**Student:** 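Before I ask anything, let me first share the structure, which is written out below as structure tokens.
Just so we're on the same page: letters track the sequence lines, and every chain starts at 1. Here the structure is a predicted model, which is why all the values come from computation and not from measurement.
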Amino acid sequence: MADYMTAAKLQQKRSNSAKDSRLPGEFFARNTKTVAKELLGKILVHGKKRGKIVETEAYFGTGDPGSHAFRGPTPRSKIMFGPPGHAYVYFTYGNHWMLNFVCERDGKPGAVLIRALEPIEPKDARTNGPAKLTKAFGISGKHNGTDLTSGKLCVENSDERPKIVTATRIGLAKGKGDDLKLRFYIKDNGWVSRK
DNA sequence: GCCTCGATTGACT
DNA sequence: GTCAATCGAGGCA
């Protein structure tokens, strides 16, 4: 039945679908926690590379000691105070890049850390960790501040309704209080980074 | 201007 | 299981 569907048509279909399903800036202009949960199951796209988001963490500003924005805007963290729908990429531990998406409305700090992906293209990408996925996807400091609605780095929507598990955040020296259940991941997904 | 620490990883005992 | 690598941003004197 689909054997007469030409490559061109497939290409067109894929292209339309990618265009139609790119998440709009509005998606990010909401509560950080909500965005973190809803990003699960969505597809992170960077050029040809694609992966399903399976684990995220939410970071606020004021009142969140674990956030870079805790003490107010700095040259690095000011992007978190900026418009939503942008990438916040930062360098840590001397060798590691972290990918975040800026949330909340302009002026209010918030970001969602992408902790793990299930690779789609290439399938053997090692993306089960926040620093590993940036390396696998070729994401680095030059992507800091990238607009997710117009650049080659973006997030595609998905119909998937994953089973979401809520947990405490990982790896923080501060702000990991047990009441802060700001980590979300897809239940039973083997790519979740949790140790 | 100096000093400490980090939203991690990978290697090693 | 434990621990070192590695460098820029941020805090403080």
**Student:** For a quick check of understanding: with a heavy-atom distance under 4.0 Å over all strands, which category does A:G66 fall into, base, sugar-phosphate or nothing?
**Tutor:**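 Counting heavy atoms under 4.0 Å across all strands, the contact made by A:G66 includes a base.
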
**Student:** Rounded to the nearest Å, what distance is computed from the CG atom of residue A:N95 to the C1' atom of nucleotide C:dT6?
**Tutor:**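 From A:N95 CG to C:dT6 C1': 6 Å.
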
**Student:** Within the structure shown, what part of the strands sits under 4.0 Å from A:T92 by heavy-atom distance: base, sugar-phosphate, or nothing?
**Tutor:**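 Answer is base: heavy atoms of A:T92 come under 4.0 Å of a base.
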
**Student:** So which nucleotide does B:dA7 pair with, by the Watson-Crick or G-U wobble rule with both distances under 3.5 Å?
**Tutor:**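 No nucleotide pairs with B:dA7.
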
**Student:** Would you mind classifying the nucleic acid contact of A:R115 as base, sugar-phosphate or nothing, using non-hydrogen atoms under 4.0 angstrom?
**Tutor:**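 Here A:R115 touches the backbone only, sparing every base.
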
**Student:** Checking all strands, does A:F70 fall into the base, sugar-phosphate, or nothing category for heavy-atom contacts under 4.0 angstrom?
**Tutor:**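 The residue A:F70 makes no contact with any strand.
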
**Student:** Rounded to whole Å, please give me the gap between CG in A:L172 and P in B:dT8.
**Tutor:**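 The answer, rounded to whole Å, is 7 Å.
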
**Student:** Report the distance from atom CG of A:D64 to atom C1' of B:dA7, rounded to the nearest whole Å.
**Tutor:**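 Taking atom C1' of B:dA7 as the reference, CG of A:D64 is at 10 Å.
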
**Student:** Could you tell me the Watson-Crick or G-U partner of C:dT6, where both distances fall under 3.5 Å? Say none if there is no partner.
**Tutor:**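 Answer to the pairing question: none, since C:dT6 forms no Watson-Crick or G-U pair.
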
**Student:** Measuring only the C1' atom in each nucleotide, how far is C:dG10 from B:dT9? A whole number of Å is fine.
**Tutor:**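 Their C1' atoms lie roughly 23 Å apart.
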
**Student:** Given the P atoms of C:dC12 and B:dA7, what is the spacing between them in whole Å?
**Tutor:**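 Between the two P atoms, the distance is 16 Å.
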
**Student:** Starting from A:L133, can I reach A:F184 by hopping between I/L/V/M/F/W/Y residues whose side chains sit under 4.5 Å apart?
**Tutor:**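 Yes, A:F184 and A:L133 fall within the same hydrophobic cluster.
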
**Student:** Just how far, in rounded Å, is P of B:dG6 from CZ of A:R76?
**Tutor:**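 My rounded result for the distance is 11 Å.
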
**Student:** Does the ring of A:Y93 meet both stacking tests against the six-membered base ring of B:dG6: centre distance under 5.5 Å and plane angle under 30°?
**Tutor:**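 Aromatic stack with B:dG6 present for A:Y93.
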
**Student:** May I ask whether A:L113 and A:F137 are part of the same hydrophobic cluster, defined by side-chain heavy atoms of I, L, V, M, F, W, Y residues being less than 4.5 angstrom apart, directly or through others?
**Tutor:**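 No, no single cluster joins them.
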
**Student:** Hey, is A:Y59 stacking on B:dA7? Ring centres under 5.5 Å, planes under 30°.
**Tutor:**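 Yes.
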
